[in-house]
K.L.:
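Before we start, here is the structure in question, set down as structure tokens.
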Amino acid sequence: MRLLDGKALSGIIKGQLKQKTAALKERHSKVPGLAVILVGNDPASEIYVEMKAKACAEVGIYSVVHKMPETVGQDEIVDTIRMINANPHLDGLLVQLPLPKQIKSEALLEKIAIEKDVDGFHPHNLGKLFTGLDTFAPCTPLGVMRLLEEYQIGVDGKNAVVVGASNIVGKPMAALLLNAGATVDICHILTGDLSEHTKKADILVVGVGKPGLITGDMIKEGAVAIDIGTSKVEGKLRGDVEFESAAKKCSFITPVPGGVGPMTIAMLLSNTLKAAEINVTREQ
Ligand code: GUN
């Protein structure tokens, strides 16, 4: 069994991005810019946004966080999105999820300029992803693909099983695996016998937020297990895969923490740089 070390790989990627942002500044006097909208006081979201801002600073990306109160109205957030859409210094824009109950998230995401949608959550960009066109792919699934690539784990012709069918993780994950030539099962809350699917997986990707959902007996010998889940249990981060029993079956497995999490942030930086580079080319 080998660990898929997302922490180490994200460090290498950040080093490369730092060089690329320096080159963009040197050649085009362009500093990539990212705007983050954070609504309310969800402690996990606050930590994620802080980590994103810190990572931006590390690689030379300018970032700004628009903090809005829990009680904010839909229109106020839309106004802020419009303001950021119109600001040429801000190449990327993301709205940290989840949002408070009174906000219609889907309607908001559609207001983000498609060329600034570095999270890849706009239906336009998700549609491009599903048709195999170049676009901003959502950061967590993109980070999983980068990990697989780095460890030279081939995807084409493999059975991939994605557990979780959210718009921001499961569905785009399935699209990326499909585009890379895998046969893909997507399992979700209504899937009858989950282990019937997971036992077929050469590559098993799990992102549902149910700690220890997948146990070793649900995994095929020699499979690759990618754990996207991060839940706090008694103060410690736990994934959706029960590590001890799963590791005995797997050829590769991601740790939690230190697996997919750091890759998500590295891919956000990468997408932001991509947006800035496209802007520079467009201005020429
Ligand atoms: N909430 C949990 N993950 C994410 C993410 O990747 N992007 C945004 N915007 N919100 C999230």
Side-chain angles (χ1 to χ4, degrees), residues 6 10 13 34-56 61 63-68 70 72 77-78 80-81 84-85 90-101 103-114 116-126 129 135-147 162 164-176 205-210 226-232 237-240 254 256-257 259-272 274-275:
S10 72
I13 293 171
L34 173 69
V36 179
I37 297 179
L38 173 62
V39 183
N41 305 301
D42 176 57
S45 290
E46 282 179 345
I47 291 170
Y48 285 136
V49 168
E50 213 172 282
M51 284 162 63
K52 289 172 183 180
K54 185 170 159 272
C56 281
I61 293 175
S63 74
V64 56
V65 179
H66 290 265
K67 264 197 112 205
M68 309 188 88
E70 184 81 22
V72 73
I77 309 180
V78 171
T80 304
I81 291 175
I84 297 165
N85 282 347
L90 295 168
D91 305 283
L93 159 59
L94 71 87
V95 180
Q96 187 65 28
L97 304 176
L99 290 162
K101 282 188 291 292
I103 304 298
K104 295 185 186 73
S105 304
E106 305 301 328
L108 268 194
L109 296 177
E110 288 189 34
K111 299 288 188 286
I112 295 174
I114 52 177
K116 297 197 179 195
D117 176 32
V118 286
D119 252 341
F121 294 166
H122 193 294
H124 175 96
N125 287 324
L126 283 169
L129 181 71
T135 183
F136 296 110
C139 304
T140 298
L142 192 58
V144 171
M145 296 308 286
R146 275 296 301 242
L147 259 181
V162 179
S166 68
N167 288 335
I168 68 175
V169 177
K171 288 181 198 169
M173 185 75 251
L176 285 171
V205 186
V206 193
V208 289
K210 287 191 184 162
I226 310 278
D227 192 348
I228 297 175
T230 47
S231 309
K232 258 219 168 124
L237 271 193
R238 282 199 55 201
D240 293 342
T254 54
V256 175
V260 177
M263 292 301 296
T264 296
I265 295 193
M267 292 304 100
L268 173 64
L269 304 174
S270 174
N271 276 351
T272 305
K274 176 174 169 168

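Note that ligands are numbered from 1 as they come in the structure, with each ligand's atoms numbered from 1 the same way. Scope of the values below: all heavy atoms of this structure, side chains included, with no hydrogens, waters or symmetry mates.
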K.L.:
Should Ser105 and Pro98 count as side-chain neighbours, where that means a heavy-atom distance under 4.5 Å?
P.N.:
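Counting from C-beta outward, Ser105 and Pro98 never come under 4.5 Å.
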K.L.:
For ligand 1, what is the set of protein residues having any non-hydrogen atom at a distance below 4.0 Å?
P.N.:
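Within the 4.0 Å shell of ligand 1, which is judged on heavy atoms, sit Lys52, Leu94, Val95, Gln96, Leu97, Asp119, Phe121.
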K.L.:
State which residues pass side-chain contact (heavy atoms from CB on, under 4.5 Å) with Thr264; sequence neighbours excluded, sorted by chain then number.
P.N.:
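Partners of Thr264 under the side-chain contact (heavy atoms from CB on, under 4.5 Å) test: Cys139, Thr140, Val260.
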K.L.:
Quick one: side-chain hydrogen bond (donor to acceptor under 3.5 Å, both in side chains) partners of Lys67, sequence neighbours excluded?
P.N.:
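Applying side-chain hydrogen bond (donor to acceptor under 3.5 Å, both in side chains) to Lys67 gives Glu46.
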K.L.:
Only counting residues at least two apart or in another chain, list the ones meeting side-chain hydrogen bond (donor to acceptor under 3.5 Å, both in side chains) with Thr135.
P.N.:
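By the side-chain hydrogen bond (donor to acceptor under 3.5 Å, both in side chains) rule, Thr135 matches Asn125.
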K.L.:
For Gly239 versus Val256, what's the shortest heavy-atom pair and its separation?
P.N.:
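Scanning both residues completely, I find the closest heavy atoms to be N-CG1, 3.7 Å.
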K.L.:
Among Leu268, Ile61, Val65, whose side chain to side chain contact (heavy atoms under 4.5 Å, CB included) with Lys52 holds?
P.N.:
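Of all the options given, the one that passes is Leu268.
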